[in-house]
Amino acid sequence: MALLLIVLLPVLGALFTGAFAGNNARLNSLIAMLAPLVSLALALSLLPAILQGELVLAHWQWLPRLDLALSLRMDGLAMLFALLIIAMGLLVLLYGHFYFSGKPKDNQRFNGLLLLFMTAMLGIVTSENLLLMLVFWEMTSLVSFLLIGFKADQRAARRGARMTLVITGGGGLALLAGMVLIGQIIGSYQLSDVLASGDQIRQHSHYPLILLLVLLGAMTKSAQFPFHFWLPHAMTAPTPVSAYLHSATMVKAGIFLLARFHPVLAETDLWLYSVSTVGMATLLTGAFVAMFKHDIKGLLAYSTISHLGLITLLLGMGTRMGLIVGLFHLLNHAMFKAPLFMMAGIVEKATGSRDMQLINGLWRYMPYLMVLTGICAAAMAGLPLLNGFLSKKMFFAETLQSPFTGVLGWLTPTLAAVAGLLSVAYSVRIFHNVFFNGLPRDLPVFPPRPPARGILIPVTVLTLACIVVGLVPQYVVHTLLQQAAHAALGAPLPAYNLGLLHRFNLPFLMSALALTGGLVMYLYRRQLFAIYDRMPEVDAKENFEWLMLRAGNFAERQVHRLENGSLQRYGALLVATCLVLAGSALTGLTTWGGGVTTPADPVTVLAAVILMAAAVAAVVIHRQRLLALLLIGTCGLFVTLLFARFSAPDLALTQLSVEVMAVIIMMLALSFLPQTSPRESSSLRRLRDLILAVATGSGVAVLAYTVMTRPAQSISGFFLDNSLTGGGGSNVVNVILVDFRGFDTLGEITVLAIAAMAVFALTRNLQLKERVTRESGSYWASEPHPVILRMIARPVLPVALMVAGYIFLRGHNLPGGGFIAGLVASVALSLQYMAGGLVWAHQRMLTAFRPLIGAGLLLALATGLGSLAFGAPFLSSWFNHYHLPLLGEVELATALLFDLGVFMTVVGATLLILANLGNLMTLDGPGKEIG
Amino acid sequence: MELLMAITIGVLTACGIYLILRARTFPVVLGLTLLSHGVNLFLFSMGRLTLAAPAVLGDSSHHADPLPQALVLTAIVIGFAMTAFVVVLALRAAVELRSDHVDGADPDEDLR
């Protein structure tokens, strides 16, 4: 549980800041820092156990069928990273509070996103399940997108954010593939199982592919050559973000991955050469370019790339000592690089610029910051007594003992020394150039504003850490580092002593050479800048944008080919696709008929022929809209007859009443639409549609025929057997509706209610501007409410309602039920509308249709829930028979209540639709909404 | 009888699809109605054709398959609700776009 809290507390804190702090920046930052503080305390409470070499695991099921489990692990490696993430996060939150001072909204957003990011990072390092780790991995990509694009109104920020997302997100996809391959080979996604199966993976034929994919994920995240170019462009992020994501945490996620999978993937020649080559290339590229960047953050970004390359190189060499040194340097890098980034932010806020060609001689204005920066830059350069010195010297020592032979054997330490030299040069530059080097030139803000005192706290803390670790490493980080390396290796460690590192030996000589060389290089910087300026410039962003643009245009063209905004085309494509898919399935058919036949009788044949003739005629004259509508009505009536003929009285009743309502509604609509359709389709298009229609019709006919002529194997026997005993009704169709499949019916009346509400919403505020004129509306009677109809309609109503009531009550045992009764009642009431008009009808009847719908739904739901009260499943029905005087044997079933709900919903919905459509048609324009 | 029913279903479907592919909203609504008739009959016929034996217990020894009937019954009602919705949608589109073309105002469909 503690583990889960460690991971989740930051994100919970983010929710709290949003919920409680409002615009109070101080309160907001306090709450934001409280959550990671608790996280830190929890992590520290686990520390003694971890230092003893224990492994803490926590496991919850999540999606067992995908092998995705919420399982977390805390070992030395995870602890090292977790402490780094939380501690750095706290310092950056503090820094951010002052950085965003005066902008509470920005500060709030920053706090929330940073906490979310913290959870994501903690999730990566503590995941015990590979898939869970991937989830968190993607989360860091997404949140970093939001953080880099923090100033979303700036084009550069948006482009930088997008570039990062594409590169790291793409790497994440590769990683996903790699992890799935590993999981497939091992048969488990649990890290413990994976770490124990290193040999199995290394000997598998897919090993090179897995290595490639995992490395792609790690290298893109850690900005390794040739994917390094996103990191400098991510510097558009606010400086606290750069300090946290781009020096201390996110870019270290790739390194973490390399360390975590060390027992599984490392110790092969392939690993050795690929990882160390990439690391070396990154180390040199970053170190070289950094020297020539005039933007402070640009310089720091390239220097970060270079340091990441150094760590990768160390991990790539695959030696155990290399792993320890790599992790040590990772820690040190966070300690000296983050305060340098913070310095860049402070300077930018003070002077309005980050350009080192303008910023010079700041020591007069910020002496304290100068001291701090001096120490951190010295640590970065690798000066003795500081933490950077130790890890760098150990790095040199490692390159001297590298597993390479031949040319590579001496080339590696030489290149390492060159990289060291370059790093000294840019470290000197960032210190000397900013704080000395003459006077400031043309600063946007002059004299520089002094920084707030609080913003210096995190810088001071980290600088002190650099010194303490440099002086007494054996007391501060030794044990944790050892446990981390132990956890990463899964094997015992070689003996070493951090305390002896200040001694003089060959690596010390390399450090000294690098120092002198770097100083000399810095002295000749003007000549070097001139040479660099003449070199051809490769603008990664422009190239990347060009590529993205081309890819985007290509995709757009393809989409436009398919999707041109024409509904007709989509319809045709849809039908054609169905045709191809279903048609290809039908080709497997060997015989059409299946033996079952029912004799045909002339009346049925006649009815079917009329039905088909009406349908075809409707198509032929579809431009004459009213005639076509009448023919469609004919079709509906003959479908009703077919239902009646083939033993489906319930369907026939339903279809009949629905048909009446549907035709009325379409007729109402038609009085406002053009009376004819123009002839605008070309004959080619008509031919295409005809072919599609005929082909689909034939396909459906063949399918229907082949199914119908085969013997039935239905599950309906169950319903027939249990209808009377279990549901208490002999009309099986109705019992299915209100009992066996009651839940479906509940869903269906909900859909009906939603459709009615949608009609209500759409007709509301609808102003029909053009009415059919008298000339074109020669079909339409001028007499609004014929006398005869009015006279007949009135006595019909009570009779019709009585019939509806009868149909409703008998529904459980004979054809009928809530649906049908509701429709019959609606038809009877709509007759009153037609006969007397809207106003007349509304004076005489209840018009609360929406409450009626709601009551119906609630009644149906309550009936269902009622069965829960009696310990039965949702929507079970109860029934019993009673003998009442006069009426005789009466059956009472709770299903009747449910059916009443259906009845009310149907009546309410149909009348709501009809009344509101009719309301549009009143002569004096739309009146008040009805229902 | 099965052949007759199959042909009827096929004709209804074909007519429905042809109308759905028209360029004006009203024929499309009519087409949807025809298509839903076809589909309802198709679903219904999956329970095979039975003469004079409704699924009401007590009348006879064998019964029509009640399950497709229950399915189709709700399908008819929902089909009605859908028709009403599409009709209002068409009305609203015709009023707001001043055209009853399915793509809004774009009569030169053959350019597309």
Side-chain angles (χ1 to χ4, degrees), chain A residues 564 566-568 571-572 575 598 600 608 611-612 615 619 622 625 628 632 639 646-651 654-655 658 662 665 669 673 677 680 682 689 693-694 696-698 700-701 704-705 708-709 712 714 716 719-720 724 730-733 736-737 748 751-752 755 758-759 762 766 768 819 913, chain B residues 1-4 6-15 17-21 23-24 26-27 30 33-34 37 42 45-46 48-50 53-58 63-67 69-70 72-74 76-78 80-81 83-85 87-88 91-92 94-95 100 102-103 107 109-110 112:
Chain A
N564 61 357
S566 159
L567 187 69
Q568 283 174 280
V575 173
T598 318
L611 172 58
M612 286 186 271
V619 168
H622 76 268
R625 293 183 171 182
I632 297 285
V639 169
F646 294 114
S647 317
D650 291 278
L651 291 192
T654 315
Q655 182 73 56
V658 158
I665 284 172
L673 291 169
S677 301
E680 53 191 355
S682 67
D689 294 347
V694 170
T696 316
S698 321
V700 172
Y705 183 74
M708 272 190 284
T709 50
S714 173
S716 298
F719 299 119
L720 291 167
L724 202 55
S730 54
N731 179 8
V732 187
V733 176
I736 290 176
L737 285 177
E748 276 143 10
V751 173
L752 185 67
V759 170
L762 280 174
L766 179 61
L768 293 178
F819 273 114
I913 293 170
Chain B
M1 205 76 108
E2 278 78 11
L3 188 62
L4 184 73
I7 293 173
T8 312
I9 292 169
V11 169
L12 284 174
T13 310
C15 292
I17 285 184
Y18 183 81
L19 283 181
I20 282 176
L21 296 175
R24 300 285 160 169
F26 197 75
L30 296 185
T33 312
L34 277 185
H37 285 328
F42 179 80
S45 67
M46 292 301 101
R48 309 301 184 271
L49 302 181
T50 319
V56 177
L57 300 176
H63 303 284
D65 193 337
L67 191 60
Q69 294 196 15
V72 171
L73 199 150
T74 47
I76 293 172
V77 179
I78 290 188
F80 162 71
T83 307
F85 180 68
V87 161
V88 176
L91 260 185
R92 180 118 205 177
V95 169
D100 67 338
V102 286
D103 299 335
E109 57 166 345
D110 286 314
R112 287 179 166 270

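Every chain is numbered from 1 and lettered A, B, ... according to where its sequence line falls, protein lines coming before strand lines.
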Which atom names give the shortest non-hydrogen contact between [X] and [Y], and what distance separates them?
| X | Y | value |
| --- | --- | --- |
| B:Gln69 | A:Val733 | OE1-CG2, 3.4 Å |
| A:His622 | A:Ser677 | O-OG, 4.2 Å |
| B:Thr50 | A:Ser647 | O-OG, 2.6 Å |
| B:Asp100 | B:Ala94 | CB-CB, 4.3 Å |
| A:Leu737 | B:Ala70 | CD2-O, 3.8 Å |

What residue, out of [options], has the most heavy-atom pairs lying under 4.5 Å from chain A?
| options | result |
| --- | --- |
| B:Asp65, B:Val102, B:Val72 | B:Asp65 |
| B:Thr83, B:Leu67, B:Ile7, B:Leu12 | B:Leu67 |
| B:Val87, B:Ile9, B:Thr74 | B:Thr74 |

What part of [X] is in contact with chain A, defined as an atom under 4.5 angstrom from a non-hydrogen atom: side chain, backbone, both or neither?
| X | value |
| --- | --- |
| B:Phe85 | both |
| B:Thr33 | side chain |
| B:Ile20 | neither |

Checking [X] against chain B: side chain, backbone, both or neither under 4.5 Å from a heavy atom?
| X | result |
| --- | --- |
| A:Ile913 | side chain |
| A:Val658 | both |
| A:Leu651 | both |
| A:Phe819 | side chain |
| A:Val751 | side chain |
| A:Phe719 | side chain |

Got a donor-acceptor contact below 3.5 angstrom from the [X] side chain to the [Y] backbone?
| X | Y | value |
| --- | --- | --- |
| B:His63 | B:Ala53 | no |
| B:His37 | B:Leu34 | no |
| A:Asn731 | B:Val56 | no |
| B:Glu2 | A:Tyr705 | no |

- Query: Which value, rounded to the nearest 0.5 Å, describes the distance between A:Gln655 atom CD and B:Phe80 atom CZ?
  - Reply: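 Here the rounded value is 12.0 Å.
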
Quick check for you: among [options], which has the greatest number of heavy-atom pairs under 4.5 Å with chain B?
| options | answer |
| --- | --- |
| A:Ala704, A:Ser716, A:Ala758 | A:Ser716 |
| A:Val619, A:Val759, A:Val732, A:Asp689 | A:Asp689 |
| A:Met708, A:Met612, A:Glu748 | A:Met708 |
| A:Ala648, A:Ala628, A:Ala755 | A:Ala648 |
| A:Ser698, A:Ser730, A:Pro649, A:Ala572 | A:Ser730 |
| A:Thr598, A:Ile665, A:Leu611 | A:Thr598 |

- Message: Quick one, B:Leu19 with B:Cys15, criterion side-chain contact (heavy atoms from CB on, under 4.5 Å). Give me CA distance, side-chain angles, the key distance, then yes/no.
- Response: CA-CA 6 Å; B:Leu19 283 181; B:Cys15 292; 5.7 Å; no

